[in-house]
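Notes for the one structure printed next.
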2 protein chains.
Amino acid sequence: MEAEDDLLQWTRKEGNEYLSHISLDCVVFGFHANQLKVLLLKMKHLDQLALPGGFLLPEETLEEAAIRVLRERTGLEDIFLQQFHVFSDPGRAEGNKRCEELKAIGFHPEKAAWFAQRFLSVGFYALVDFSLVDPKPDALSDSCGWHNLDGALGLVLDHDQIFQAALHAVRAQLNYQPVGYNLLPKKFTMPELQRLYETILDKPLDRRNFQRKIFSYGILRRLDEKRTGVAHKAPSLYSFDLRKYQKALKQGLEGGW
Amino acid sequence: MEAEDDLLQWTRKEGNEYLSHISLDCVVFGFHANQLKVLLLKMKHLDQLALPGGFLLPEETLEEAAIRVLRERTGLEDIFLQQFHVFSDPGRAEGNKRCEELKAIGFHPEKAAWFAQRFLSVGFYALVDFSLVDPKPDALSDSCGWHNLDGALGLVLDHDQIFQAALHAVRAQLNYQPVGYNLLPKKFTMPELQRLYETILDKPLDRRNFQRKIFSYGILRRLDEKRTGVAHKAPSLYSFDLRKYQKALKQGLEGGW
DNA sequence: CCAAAAGTGTTGTTTTTACACCCATGA
DNA sequence: TCATGGGTGTAAAAACAACACTTTTGG
């Protein structure tokens with residue numbers, strides 16, 4: 001069968017080139033229709049979803065590997081990425097049918113064994129512009145697409161846990177770094193930005209207070225344009241002042257002490 | 001020579017038991033004489049200091065490995081540990097004299113090669129009660145001891161970078177989690193706790209405002225005791241309300257949004 | 001013309017900062 | 001007794017939370 005050939009080929013060609021024991025998984029967030037979305041793969045021969053992930057080549061940093069993986073999955077070159085945790089439970093692949101599956105579908109045992117080894121997984125979260133992503137499945141999956149956060153349950157391996165941890169990390173980021181440049185198109189309206197924050201935090205915010213606070217960071221530029229063609233009053237467009245945004249990313253947004 | 005035998009023996013006995021490509025390094029902070037200290041090893045045959053570190057056994061989580069390493073280095077069983085970053089630059093061991101050194105001092109090339117492989121290092125920071133630590137060197141070092149933060153320069157490999165990142169991570173922790181239970185003895189005075197915060201933040205704080213803020217977290221218990229025998233007015237002793245402290249650790253201390 | 005969303009300011013409350021005096025102790 | 005550090009309160013400023021009316025637009 002075709003799908004199985006893919007699998008066989010994949011490990012034959014590349015399995016041995018990767019560093020052993022190390023993998024990475026990416027929780028890719030996008031924002032669309034006023035909702036946070038996460039990019040997931042539908043695994044072949046398995047009724048489960050998985051985070052896009054991959055392995056580390058000998059000459060790569062983890063960040064470079066993550067960028068490579070995400071380029072393959074999304075077509076994007078420039079992605080905001082953040083390492084957030086290493087998942088190292090020796091049992092994290094237990095209950096994993098993948099290795100068994102692989103053999104069952106004709107994998108060479110030696111190659112299948114590569115998958116059977118223990119892997120640590122370095123978790124990354126990524127924030128991307130939904131509209132620029134062109135999702136492509138990998139060799140182990142037969143589709144790749146966006147899902148609502150509440151649809152991201154029952155993932156493969158410990159990916160539920162990785163996903164939850166990523167969500168937590170993104171929420172934490174809001175408190176010391178700006179978010180939005182990577183998730184929104186270049187031009188956006190204030191309500192859109194607010195929806196983004198509300199979705200990430202999963203709670204409603206007051207329009208006026210939100211606006212004041214965001215402005216106080218000094219990272220927004222108001223454009224001389226409005227979004228037209230939509231119902232109701234035309235909202236103004238904004239863009240991030242990239243210079244100040246980057247500065248805020250590095251320095252953090254005030255602190256407690 | 002004795003030291004070289006140690007090295008030979010070490011890899012012979014254990015080198016192959018560890019997972020390849022993965023190491024961990026710990027930045028252990030203690031507090032003494034109103035100063036933050038960091039635990040460092042003096043490397044054998046090398047005029048450089050290094051962070052205590054180690055490798056991962058097949059059945060361990062990273063956290064368990066870090067605890068094992070720190071038990072060996074400090075004698076402590078209970079240590080506050082936090083993963084904070086993975087250092088994965090393929091060149092991070094370049095300029096490393098270690099592998100060359102090992103061969104030069106009679107290492108079996110095959111064994112020395114184990115050290116020559118590429119390692120990722122998972123960085124942990126640890127907060128410990130200075131007075132309970134009994135520092136012990138490892139097989140690659142000839143002493144282990146506390147250093148002031150400004151003495152932690154010119155470390156081996158990329159340990160300078162790891163150290164700086166750890167410091168940054170601890171500072172960040174102050175803004176969303178309490179710190180102190182792990183660094184101070186059971187009973188301590190308010191000024192001692194304040195010194196601790198001041199040292200970590202590297203800036204002076206107002207006594208009264210500090211006290212108010214710390215109290216507002218509701219994690220302190222004031223004891224019916226005073227520290228006697230010291231000059232000046234006897235300060236009251238406090239201890240952490242462990243239950244509430246743990247809760248604050250988990251939940252975080254308020255947030256921005 | 002009306003329903004729905006956008007824009008904008010003010011006020012009361014809470015939190016943060018800045019600051020000064022008295023007290024206890026060992027030297 | 002005095003020098004040193006510990007203990008405590010208050011007032012001004014800043015940040016935050018709550019809240020309502022007017023404007024614009026497409027349907």
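Chain letters run A, B, ... following the sequence lines, proteins first, then strands; residues in each count from 1.
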Whole-Å gap separating [atom2] ([N]) and [atom1] ([X]):
X: A:H232; N: D:dT24; atom1: NE2; atom2: P; result: 16 Å
X: B:I214; N: D:dG7; atom1: CD1; atom2: P; result: 14 Å
X: A:F215; N: C:dG9; atom1: CZ; atom2: P; result: 12 Å
X: A:R212; N: C:dT11; atom1: CZ; atom2: P; result: 13 Å
X: B:M190; N: D:dG7; atom1: CE; atom2: C1'; result: 11 Å
X: B:L205; N: C:dT17; atom1: CG; atom2: C1'; result: 12 Å
X: B:Q211; N: D:dT8; atom1: CD; atom2: P; result: 6 Å
X: A:L237; N: C:dA6; atom1: CG; atom2: C1'; result: 13 Å

Review point. Is B:R227 touching bases, backbone alone, or none of the nucleic acid, heavy atoms closer than 4.0 Å?
Key: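 No contact.
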Exercise for review: Using a heavy-atom cut-off of under 4.0 Å over every strand shown, decide if B:T189 touches base, sugar-phosphate, or nothing.
Suggested key: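 Result for B:T189 = nothing.
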Revision key, fill the gap. The residue, B:Y238 or B:A231, whose nearest nucleotide of DNA chain D is more 5′ is B:A231
Review point. Which residue, B:D206 or B:G229, contacts DNA chain C at a nucleotide closer to its 5' end, judged by nearest heavy atom?
Key: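 Checking each residue's closest nucleotide, the 5'-ward one belongs to B:D206.
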Review point. Looking at A:W257, does the NZ or CZ of B:K213 lie under 6.0 angstrom from its six-membered ring centre and within 45 degrees of the ring axis?
Key: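 So B:K213 does make the cation-pi contact.
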Exercise for review: Establish, with yes or no, whether the OP1 or OP2 oxygen of C:dA6 is under 4.0 angstrom from a side-chain nitrogen or oxygen of A:S236.
Suggested key: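 No, outside the criterion.
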Practice item. Measure from the side chain of B:K233, starting at C-beta and using heavy atoms only, and say which of D:dT24, D:dG6, C:dG26 lies closest. Key: D:dG6
Practice item. Determine, stepwise, if the pair A:Q173 / A:Y125 fulfils side-chain hydrogen bond (donor to acceptor under 3.5 Å, both in side chains). Key: CA-CA 11 Å; A:Q173 189 190 327; A:Y125 66 85; 2.4 Å; yes
Review point. Where the side chain of A:Q194 meets the backbone of A:L205, is there a donor-acceptor pair that is under 3.5 Å apart?
Key: yes
Check your understanding: Given the side-chain rings of A:F84 and A:F124, with only the six-membered ring counted for Trp, is the space between their centroids under 6.0 Å?
Key -> no
Point to revise | Under 3.5 Å donor-acceptor pair, B:R208 side-chain atoms to D:dG7 base atoms | key: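 Absent.
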Practice item. Identify the two heavy atoms, one from B:F240 and one from B:V179, that lie closest to each other, and give their separation to 0.1 Å. Key: CZ-O, 4.1 Å
